[in-house]
Amino acid sequence: MSIRHGLLALLERGPRYGYQLRTEFESRTGSTWPLNVGQVYTTVARLERDGLVVPAGEDEAGHALYAITEGGRDELRQWFATPVDRANPPRNELAIKLAMAVGSPEVDVRSVIQAQRTHTIRAMQDYTRLKGQALEAASRRPGEFDPDDVAWQLVLDQLIFQAEAEARWLDHCETRLVRLAPQAAADSRKAPAADPADPVDPAGGTPKLGAAQNGGLRGALRRPRH
């Protein structure tokens, strides 16, 4: 999440002070990604250092205001015009958890999947209920365009779609585990045959197994499917 560019987008609408930026950021995103005032002021200080915002005096209550510069507007335009990079995706805790669970003999991977799926579906239901409330509130103001309301609905849509995709992925993971479990069990019972190409353990002359041979389920995943 780019707090930096989110604050620039708010400042494009006019000078703001720190707490006001925090309030408007959370209003626009429905407090999905809450900020603390310290984060706001730290980010604004970096923006000022980079020449993207400048101090703009004080308001009537004595709050220190900040305004976006032309350099800040250029940065913001570039951010809006540039697709979000997927070459280096952010770490996904669930994907890491399942990857580690597959290699842990003490873990029932299907139980992990089922627990997560229950949580994901419950979250999706909560998001759907919130979206219904947002649409109902908007229907009471026909013809009125509120950017914060529309932004909140878009955020909710993203959360719902993300939860739906996660639930489908979990179903896929469970199906794959069920299909591959018999093969993995059969592989574990087989005595590996020596392969001249395998390196030999100097201590005992026993061929060392390759990753695909001794990897259990991981090895099964790497084998081509017929």
Checklist entry - Hey, any chance L21 and W79 share a hydrophobic cluster, counting ILVMFWY side chains that come within less than 4.5 Å of each other, even indirectly? => result yes
Item to check | Contacts of type side-chain hydrogen bond (donor to acceptor under 3.5 Å, both in side chains), residue R141, not counting sequence neighbours | outcome: D149
Checklist outcome for this item: Distance col, row C173:SG vs Q116:CD, nearest 0.5 angstrom, shows 10.5 Å
Checklist entry - Is E144 atom CD crowded by more than 12 heavy atoms from other residues, nucleotides or ligands, each under 6.0 Å away? => result yes
Item to check | Beyond-backbone contact of E166 with Q162, side-chain heavy atoms, under 4.5 angstrom | outcome: no
Next on the checklist: Would T82 and Q78 count as a side chain to side chain donor-acceptor pair (under 3.5 Å) here? Give the steps.
Outcome noted: CA-CA 6 Å; T82 304; Q78 183 177 0; 4.8 Å; no
Checklist entry - Side-chain heavy atoms under 4.5 angstrom apart, residues restricted to Ile, Leu, Val, Met, Phe, Trp, Tyr: same cluster for W33 and L156? => result yes
Item to check | Euclidean distance, I121 CD1 relative to D126 CG, rounded to 0.5 Å | outcome: 12.0 Å
Checklist entry - Can you check whether E174 reaches L170 side chain to side chain, under 4.5 Å on heavy atoms? => result no
Item to check | R73, CZ: over 12 other non-hydrogen atoms inside 6.0 angstrom | outcome: yes
Checklist entry - Shared ILVMFWY cluster between L65 and V37, side chains joined below 4.5 angstrom? => result yes
Next on the checklist: Let's go through E24 and R28 carefully: what are the C-alpha distance in whole Å and the side-chain angles of both, what is the deciding distance for side chain to side chain contact (heavy atoms under 4.5 Å, CB included) to 0.1 Å, and is it a yes or a no?
Outcome noted: CA-CA 6 Å; E24 292 188 11; R28 185 65 63 89; 6.0 Å; no
Item to check | Closest contact, heavy atoms only, S139 versus P142 | outcome: O-CD, 3.5 Å
Checklist entry - Is it the case that one hydrophobic cluster holds both W169 and I96, taking links as side-chain heavy atoms less than 4.5 Å apart, direct or via other members? => result no
Checklist outcome for this item: Nearest heavy-atom approach of A163 to T120 is O-CG2, 3.4 Å
Item to check | Residue pair E58 / A64: nearest heavy atoms and the distance that separates them | outcome: CG-CA, 4.3 Å
Next on the checklist: For R4, is there an ion pair with E75 - N to carboxylate O distance below 4.0 angstrom?
Outcome noted: yes
Checklist entry - According to a 4.5 Å side-chain heavy-atom criterion applied to Ile, Leu, Val, Met, Phe, Trp and Tyr, with indirect links allowed, do L130 and L159 form part of one hydrophobic cluster? => result yes
Next on the checklist: Please determine whether side chain to side chain contact (heavy atoms under 4.5 Å, CB included) holds for the pair Y66 and R16, giving the CA-CA distance in whole Å, both sets of side-chain angles, and the decisive distance to 0.1 Å.
Outcome noted: CA-CA 6 Å; Y66 294 90; R16 301 283 193 278; over 6 Å; no
Checklist entry - Taking NZ, NE, NH1 and NH2 as the nitrogens, is one of them in E93 or K97 under 4.0 Å from a carboxylate oxygen of the other? => result no
Checklist entry - Is it the case that more than 12 heavy atoms not belonging to H63 sit under 6.0 Å from its NE2 atom? => result yes
Checklist entry - Does the side chain of W152 reach to within under 4.5 Å of the side chain of T29, using non-hydrogen atoms? => result no
Checklist entry - Between L94 and N92, which heavy-atom pair has the shortest distance, and what is it? => result N-OD1, 3.0 Å
Checklist entry - Is there a side-chain contact between I160 and E164, using heavy atoms and a 4.5 Å cut-off? => result yes
Checklist entry - Listed by chain and number, what are the side-chain hydrogen bond (donor to acceptor under 3.5 Å, both in side chains) partners of R77, not counting sequence neighbours? => result D74
Checklist entry - Is the shortest side-chain N to carboxylate O distance from R22 to E26 below 4.0 Å? => result yes
Checklist entry - Between L10 and F25, is a side chain to side chain contact (heavy atoms under 4.5 Å, CB included) present by the stated rule, with each step listed? => result CA-CA 8 Å; L10 294 173; F25 185 95; 3.9 Å; yes
Checklist entry - Do you know which of L8, I3, L7 makes side chain to side chain contact (heavy atoms under 4.5 Å, CB included) with V44? => result L7
Checklist entry - How far apart are the closest heavy atoms of A138 and Q153, and which atoms are they? => result CB-NE2, 4.0 Å
Item to check | Whether D50 side chain and L52 backbone form a donor-acceptor pair below 3.5 Å | outcome: no
Checklist entry - Between Q39 and L35, what is the shortest heavy-atom contact and its length? => result OE1-CA, 3.4 Å
Checklist entry - Does S104 reach the main-chain N or O of M100 with its side chain, forming a donor-acceptor pair under 3.5 Å? => result yes
